[in-house]
Amino acid sequence: ALEDQLQESIHRLSQTNQELEQFAYVASHDLQEPLRKVISFSDIILRKHAEQLDEKGRTYFDRMINSTERMQTLIQDLLNFSRSTRNIGDRKSIKINNLINEVLEDLSESIHEAKGKVKLKLTTETTINGTPVQLRQLVQNIISNGIKYRKKDTNPVLKIKTKIIPAVKLEQKIPLLVSEEFIEITINDNGIGFDEQYLDKIFTIFQRLHGRSEYSGTGIGLAISKRVVENHNGYITAKSEVGKGSTFFIYLPVETKA
Ligand code: ADP
């Protein structure tokens, strides 16, 4: 009887959870369109009717556009978060090395702007079975954080490595080892770092350790990353030291040949 009650509670909880996630998805999706309008009309006013505004008026419009753009980022991140819970998309055979290179290509502008350097040591050609959009987002979140959380007076240097490790090394970390081998992706930065006692916190949605005014962000990226890794039966963790830098470790099961 106790077991039945427990089952019933679990069922109800997961239903509520699904409804909540559905709500987050629909709300963020539907908020996008009106927000786009606010931005585009404010932009038109600033570009075509600027002379009808005085200095103050223009400043206020500028601020309005900035805030609205921040809201847009937040909504986009929320949408990505709820997508990551749904595990949508077809799984494919993916070469992790190619994926890392593609992400670096996408981020090349911000890396260049930060005068950043990337050192690659991609020692394996292994493939994994996964959802490309999600995995790309995972890698992109970690790499772009490595650039973003840089020290003010230092050029960011990222060291990215891939290698194969046996699954037994992850026995304590992953409940279900779906492959005998895992690919280990390490992404190391020389940035501001964080206190390791907050390790769990950084992977939780909306949790941020660094000042809002200094480093822009929504606190959603690493929560998405963790979900994506778990959707792929993997594991993610990090090591860090304040003022020295951080290293993120991603483990994903190597594709097994059927
Ligand atoms: P966001 O960057 O939008 O705040 P994330 O979920 O990506 O959100 O990261 C959560 C928090 O973890 C960040 O606010 C930051 O305090 C910390 N963090 C993440 N990556 C790094 C890093 N490479 N170096 C230092 N701190 C980091």
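Residue indices begin at 1 and follow the sequence shown. When a ligand or atom number is given, it counts from 1 through the structure's own listing order.
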Numbering as shown, the atoms of ligand 1 that approach Ile220 to under 4.0 Å (heavy-atom distance): 6 (O), 8 (O)
For Val228, run the side chain to side chain contact (heavy atoms under 4.5 Å, CB included) check against Thr131, Val133, Leu135 and tell me which one passes. Leu135
Residue-ligand contact Gly219/ligand 1, heavy atom below 4.0 Å: yes
Please state which option from Arg208, Lys148, Arg150, Lys201 has its nearest heavy atom closest to atom 4 (O) of ligand 1. Arg208
Identify the heavy atoms of Arg136 and Val103 that sit nearest to each other, and give their distance. CG-CG2, 3.5 Å
Identify, by atom number and element, the atoms of ligand 1 in contact range of Phe194, meaning under 4.0 Å from any of its heavy atoms. 25 (C), 26 (N)
Euclidean distance, Leu252 CG relative to Glu181 CD, rounded to 0.5 Å: 13.5 Å
Using distance alone, determine whether Leu222 and ligand 1 share an N or O pair under 3.5 Å. yes
Can you tell me the protein heavy atom closest to atom 12 (O) of ligand 1 and the distance? Ile202 CG2, 3.3 Å
Distance-only, no hydrogens or angles: does the Asn129 side chain make a donor-acceptor pair with backbone N or O of Arg91 under 3.5 Å? no
When the ring planes of Tyr235 and Tyr251 are compared, do they come out parallel, tilted or perpendicular, using 30° and 60° as the limits? parallel
Can you name the closest pair of heavy atoms from Val254 and Ile128 and give their distance? CA-CG2, 4.4 Å
Taking all non-hydrogen atoms of both residues into account, name the closest pair between Ser240 and Gly245 and its distance. OG-O, 3.1 Å
To which of Phe248, Phe81, Tyr215, Tyr149 does the heavy atom nearest atom 2 (O) of ligand 1 belong? Tyr149
Check ligand 1 against Leu209 and write out every atom of the ligand that is under 4.0 Å from a heavy-atom position of the residue. 14 (O), 16 (O)
Is Asp189 close to ligand 1, meaning an N/O of one under 3.5 Å from an N/O of the other? yes
Are Asp189 and Arg150 side-chain neighbours, meaning at least one heavy-atom pair lies under 4.5 Å? no
So, does Tyr198 sit close enough to ligand 1 that a heavy atom of it is under 4.0 Å from the ligand? no
Which atoms of ligand 1 have any heavy atom of Gly217 under 4.0 Å away? 3 (O)
Is it the case that the side chain of Lys161 and the backbone of Thr123 share a donor-acceptor pair, with hydrogens and angles ignored and the cut-off at 3.5 Å? no
Considering only the protein, which heavy-atom contact is closest to atom 3 (O) of ligand 1, and what is its distance? Thr218 N, 2.8 Å
Measure the acute angle between the ring planes of Phe203 and Phe248, then classify it against the limits of 30° and 60° as parallel, tilted or perpendicular. perpendicular
I need the nearest protein heavy-atom contact for atom 7 (O) of ligand 1: residue, atom name and distance, please. Asn145 ND2, 2.9 Å
With Lys163 as the cation and Phe249 as the aromatic partner, state whether NZ or CZ is under 6.0 Å from the six-membered ring centre and within 45° of the axis. no
Consider ligand 1: state whether an atom of it lies below 4.0 angstrom from any non-hydrogen atom of Asn141. no
Protein contact of atom 15 (C) of ligand 1 - nearest heavy atom, named by residue and atom, plus distance: His210 ND1, 3.3 Å
What I want to know is whether Gln207 and ligand 1 share at least one N or O pair that is separated by under 3.5 angstrom. no
Those atoms of ligand 1 less than 4.0 Å from some heavy atom in Ser246: 22 (C), 24 (N), 25 (C)
